[in-house]
Amino acid sequence: MSLLIKNGRIVTATDDYVADIWVEGETVQAIGKDLPFRANNVIDATGLLVFPGGVDPHVHLDMPFMGTFSSDTHETGTRAALHGGTTTVIDFVLQKQGHSLKEALAEWNSRARGTAVGDYSFHMAVTDFNENTRDEIREMIDNEGITSFKTFMAYKGALMIDDRQMVALMQEVKKQGGLVTVHATNGDVIDYLTAKHRAEGKLTPLYHYLSQPEMTEAEASGRFADMADYTGCPGYIVHMTCEGALNAVRNATRRNQKVFVETCIQYLILDASLYENAAEGAKWVMSPPLREKKDQTTLWAGINQGLVQVVATDHCPFKWEQKLMGKDDFSKIPNGHPAIENRLELLYSEGVHSGKISLNKFVEVACTNPAKIFGMFPRKGTIAVGSDADLVIFDPTTKHRLSAETHHMNVDYSAYEGWEITGKVKTVLLRGKVVIDDGTCLAEKGYGQFIKRNKVSGTI
Ligand SMILES: [Zn+2]
């Protein structure tokens with residue numbers, strides 16, 4: 001099968017020009033002006049943007065949590081992602097403390113294989129680093145194509161590793177050619193403040209926010225950067241929210257260190273005033289919490305300064321009924337919010353359309369950098385001859401409203417209900433196949449492939 005996209009404005013992290021794209025099989029075969037090929041299918045993209053399929057490196061699909069599961073499966077979550085122009089996601093496998101990485105991977109494979117609609121990969125979350133796990137790091141990298149290892153500096157007793165394990169893990173991951181990523185918040189301080197607020201009867205969602213002050217994230221980000229610098233291990237801080245944490249990374253650049261930083265779309269455009277709504281604040285309970293306006297300003301500037309390389313989502317949806325598990329106690333609210341479908345359109349509208357970032361920067365942080373940092377480039381994350389034909393045809397002028405009534409995520413509310421945004425995904429290709437056409441998904445359950453990733457060097 002062949003496909004010709006005519007006259008689109010092709011935008012990558014570095015380029016911006018009008019041309020045709022010739023797709024044969026699963027890859028881009030030629031790019032040029034007035035290509036003379038005859039195709040089975042011709043799409044006229046005159047007046048439209050064509051950019052690479054989005055890569056969201058931070059999603060939680062079908063994740064076991066507090067006796068329930070995040071409400072998007074690999075099927076519904078990757079389908080919603082495609083609707084929003086994201087063609088590849090990286091989900092998290094969680095090791096159970098006292099068990100192996102392999103057991104955890106088998107469990108996640110049993111849920112994702114044959115069900116995902118869009119392409120996906122896994123990070124391996126190491127929650128118990130010991131001599132047995134050490135041997136599994138190389139196996140994950142060499143045999144499974146899983147080259148990034150997630151760590152938690154919070155959630156003691158379930159997910160957290162201490163600094164002793166962190167340094168040892170970093171040394172092993174560096175040796176094997178991988179990357180350590182981190183949830184960088186000071187778990188002990190958060191546990192103390194959470195317990196204190198509960199004991200004082202302060203139980204509304206606002207106290208979720210007040211139990212995780214900026215200091216807890218700034219301190220842990222600096223500590224993580226120090227350990228990454230000492231071990232020489234490539235490091236990546238997930239879901240950064242605030243000025244203090246970004247300044248810790250800025251300080252690390254003074255000793256010539258590079259620490260990768262991811263923020264998420266919600267931290268750029270939502271703020272903590274939403275927690276003052278006691279009845280509905282649970283919709284935005286996530287960790288770290290939403291911050292202040294000054295932090296949004298810092299994060300947008302950080303993107304333009306090259307300190308923040310990635311905008312992800314930390315998509316982890318729970319239906320309202322699940323959120324109500326914490327209606328009388330903020331500490332029992334399942335953490336996370338739905339955004340996998342909204343990331344690109346929100347970032348375009350609030351970032352590019354409003355003049356905060358350039359179109360090239362938009363592609364860089366939403367598509368190209370995540371593919372590069374995590375070892376999928378140039379197969380994913382750009383438009384080039386030989387790359388996967390993962391393409392988004394985007395109408396930059398259409399205005400529309402986000403709503404739970406029209407979204408495709410398996411969750412009964414929208415964190416952005418009623419937002420009017422400019423710019424809409426029109427057509428999406430994944431590996432040469434039209435998977436979204438004007439709001440209709442044409443790909444079957446199981447079309448999504450597991451993407452084995454390459455070793456990484458910590459440079460992009
Ligand atoms: Zn997460």
Side-chain angles (χ1 to χ4, degrees), residues 54-66 68-74 77-78 80-81 86 88-96 104 108 111-112 120-127 146 148-156 158-161 179-187 190 208-209 212 216-217 220-221 224 235-242 245 260-268 270 282-291 299 308-318 322-323 333-343 365-366 370 373-374 409 411 415:
V55 179
D56 188 341
H58 193 153
V59 306
H60 299 279
L61 303 174
D62 222 348
M63 185 187 77
F65 184 81
M66 289 170 68
T68 181
F69 285 82
S70 58
S71 61
D72 263 321
T73 62
H74 291 85
T78 56
T86 291
T88 303
V89 302
I90 313 182
D91 183 36
F92 290 82
V93 175
L94 304 180
Q95 177 195 17
K96 275 200 194 85
W108 257 259
R111 291 196 285 265
Y120 67 100
S121 178
F122 291 133
H123 302 285
M124 176 58 69
V126 178
T127 63
I146 295 175
S148 47
F149 298 86
K150 168 81 178 292
T151 59
F152 293 87
M153 296 170 86
Y155 307 114
K156 201 177 230 169
L159 300 170
M160 179 170 152
I161 57 170
L179 174 85
V180 170
T181 79
V182 67
H183 174 118
T185 60
N186 185 313
I190 293 167
H208 170 77
Y209 169 62
Q212 301 200 30
T216 59
E217 194 178 332
S221 297
F224 176 79
Y236 177 104
I237 300 175
V238 306
H239 56 41
M240 187 178 283
T241 69
C242 60
F260 294 121
V261 174
E262 163 198 292
T263 188
C264 298
I265 186 66
Q266 60 273 25
Y267 301 121
L268 291 165
L270 300 177
K283 289 179 180 174
W284 299 280
V285 164
M286 60 186 82
S287 293
L290 301 171
R291 302 285 185 195
L299 292 172
V308 177
Q309 292 82 22
V310 172
V311 178
T313 59
D314 196 6
H315 176 74
C316 191
F318 292 97
Q322 295 172 293
K323 285 281 188 182
I333 300 169
N335 278 215
H337 100 309
I340 201 168
E341 183 173 355
N342 305 134
R343 178 184 68 131
V365 297
I373 291 170
F374 292 110
M409 299 175 283
V411 57

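Both counts, for ligands and for their atoms, begin at 1 and track the order of listing.
Among the backbone and side-chain atoms of H58, an N/O/S atom is found under 2.8 Å from the Zn ion (ligand 1). The distance from the Zn ion (ligand 1) to the nearest N/O/S atom of H60 is under 2.8 Å.
Distance check, rounded to the nearest 0.5 Å: CE of M286 to CD of Q266 gives 4.5 Å. In this structure, D56 CG and D91 CG are separated by 10.5 Å, a value rounded to the nearest 0.5 Å.
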Trace of the side-chain hydrogen bond (donor to acceptor under 3.5 Å, both in side chains) decision for T185 with Q212 = CA-CA 8 Å; T185 60; Q212 301 200 30; 5.0 Å; no
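Taking the six-membered ring for Trp and the full ring otherwise, the centers of Y155 and H183 sit less than 6.0 Å from each other.
No other N/O/S atom of D314 lies as close to the Zn ion (ligand 1) as OD1 does.
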